[in-house]
S.K.: 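Sharing a structure below in C-alpha cells format, with a few things to ask.
Below, read A as the first sequence line, B as the second, and so on, with proteins coming before strands; counting in each chain starts at 1.
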Amino acid sequence: MTDFYNKVYRIARQIPKGHVATYGQIAALLSTPRAARMVGTALRSLPDDSDVPWHRVISGKGIITIENMEHPTEEQANLLMAEGVIVTKVDGEYTINLKEYLWSPESLEALSDKR
DNA sequence: AAGGTGACTAACA
DNA sequence: ATGTTAGCCACCT
C-alpha cells in the first residue's frame, strides 16, 4: 500500500453522502493535478471490505467510466441512487448531474487532520 | 531499469 | 459538437 493510495482513500472518505467527486478533483487535492488516472488505479485495487466510497468518484463529465468487470457500472449507479443521487442512463452510460451533486472540497482542512 | 498501461483530461482536427 | 491524439504520473511487467 503506497502513500499515494492512502491519500486517495483518505480524500475519498471525505466525500459526503449524496455527493460525488471527479478523478481530476481528487488528483488536484493530492497536489498532482494530472494524476487523475492514478486515482482510478488506486480505487481499482481497493478491497471490497474497505470503507472508501469508491462509487462516489466519477469522471469529470459526470459519467461513470468504469472498466472493472468485477464491479459493473450499473452496480455503481445503483449504489449512488441508494444514497439519493439521481443517475440517468444515457446511451448505455450512467450520467450524474455534476451541477447538483459535485462535491466542493471546502473542507480541505479535514485532510490535514490525520487520523 | 525501461517500457507499457490506465476507473482521466484537455487540446486539436 | 463529436472523434482522435497526446500529455500525465504512478504502478506493473
S.K.: Enter the distance from A:His55:NE2 to A:Asn78:CG here, rounded to the nearest 0.5 Å.
M.R.: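 So the gap between those two atoms works out to 10.5 Å.
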S.K.: Please report the shortest heavy-atom distance between A:Ile63 and A:Ile58, naming the atom on each side.
M.R.: O-CB, 3.9 Å
S.K.: Touch check for A:Tyr23, heavy atoms < 4.0 angstrom, all strands: base, sugar-phosphate only, or nothing?
M.R.: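 Answer is base: heavy atoms of A:Tyr23 come under 4.0 Å of a base.
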S.K.: Under 3.5 Å, is there a donor-acceptor pair between the side chain of A:Asp91 and the main chain of A:Glu93?
M.R.: no
S.K.: Measure the distance from CG on A:Asn68 to P on B:dC8 and round it to the nearest whole Å.
M.R.: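 Value for this atom pair: 12 Å.
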S.K.: Taking the side chain from A:Gln76 and the backbone from A:Val57, do they hold a donor-acceptor pair closer than 3.5 Å?
M.R.: yes
S.K.: Taking a hydrophobic cluster as the set of Ile, Leu, Val, Met, Phe, Trp and Tyr residues connected by side-chain heavy atoms closer than 4.5 Å, whether directly or through intermediates, do A:Leu98 and A:Val85 fall within one such cluster?
M.R.: yes
S.K.: With a non-hydrogen cut-off below 4.0 angstrom, is A:Ser45 in contact with a base, only sugar-phosphate, or nothing?
M.R.: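 It contacts nothing in the nucleic acid.
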S.K.: Less than 4.5 Å apart, side chain to side chain, heavy atoms only: is that true for A:Thr32 and A:Phe4?
M.R.: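 The answer is yes, as the side chains (C-beta and beyond) meet within the 4.5 Å cut-off.
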S.K.: How long is the line joining CD1 of A:Ile63 and C1' of B:dA10, in whole Å?
M.R.: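 Distance check: A:Ile63 CD1 to B:dA10 C1' gives 15 Å.
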S.K.: Side chain of A:Thr65, heavy atoms from C-beta onward: which of C:dC11, B:dA7, C:dC9 has the nearest atom to it?
M.R.: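 Closest nucleotide to the A:Thr65 side chain: B:dA7.
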S.K.: Could you tell me how far apart A:Tyr5 (OH) and B:dG6 (C1') are, to the nearest whole angstrom?
M.R.: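 Rounded to the whole Å, the gap is 10 Å.
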S.K.: Whole Å only: how far is the CH2 atom of A:Trp54 from the P atom of B:dA7?
M.R.: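 Atom CH2 in A:Trp54 sits about 14 Å away from atom P in B:dA7.
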S.K.: Can you tell me the distance, in whole Å, between the CD atom of A:Gln25 and the P atom of B:dA10?
M.R.: 11 Å
S.K.: Measure CE/A:Met38 against C1'/C:dC12 and give the value in whole Å, please.
M.R.: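 So the two atoms are 10 Å apart, to the nearest Å.
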S.K.: Would you tabulate the nitrogen or oxygen pairs shorter than 3.5 Å linking the protein to nucleotides 1-7 of chain C?
M.R.:
from, atom 1, to, atom 2, distance (Å)
C:dG7, O6, A:Arg37, NH1, 2.8

S.K.: Which is true for A:Thr22 with a 4.0 Å heavy-atom rule: it touches a base, it touches only sugar-phosphate, or it touches nothing?
M.R.: sugar-phosphate
S.K.: Considering just the side-chain nitrogens and oxygens of A:Thr2, establish if one lies under 4.0 Å of OP1 or OP2 belonging to C:dC11.
M.R.: yes
S.K.: Write down the distance between CG (A:Leu43) and P (C:dA10), rounded to a whole number of angstrom.
M.R.: 16 Å
S.K.: Rounded to the Å, how far apart are A:Leu46 CG and C:dC11 C1'?
M.R.: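 Rounded to whole Å, this separation is 16 Å.
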S.K.: Keeping A:Gln14 on the side-chain end and A:Arg10 on the backbone end, is there a donor-acceptor pair under 3.5 Å?
M.R.: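 Judged by distance alone, yes, a pair lies under 3.5 Å.
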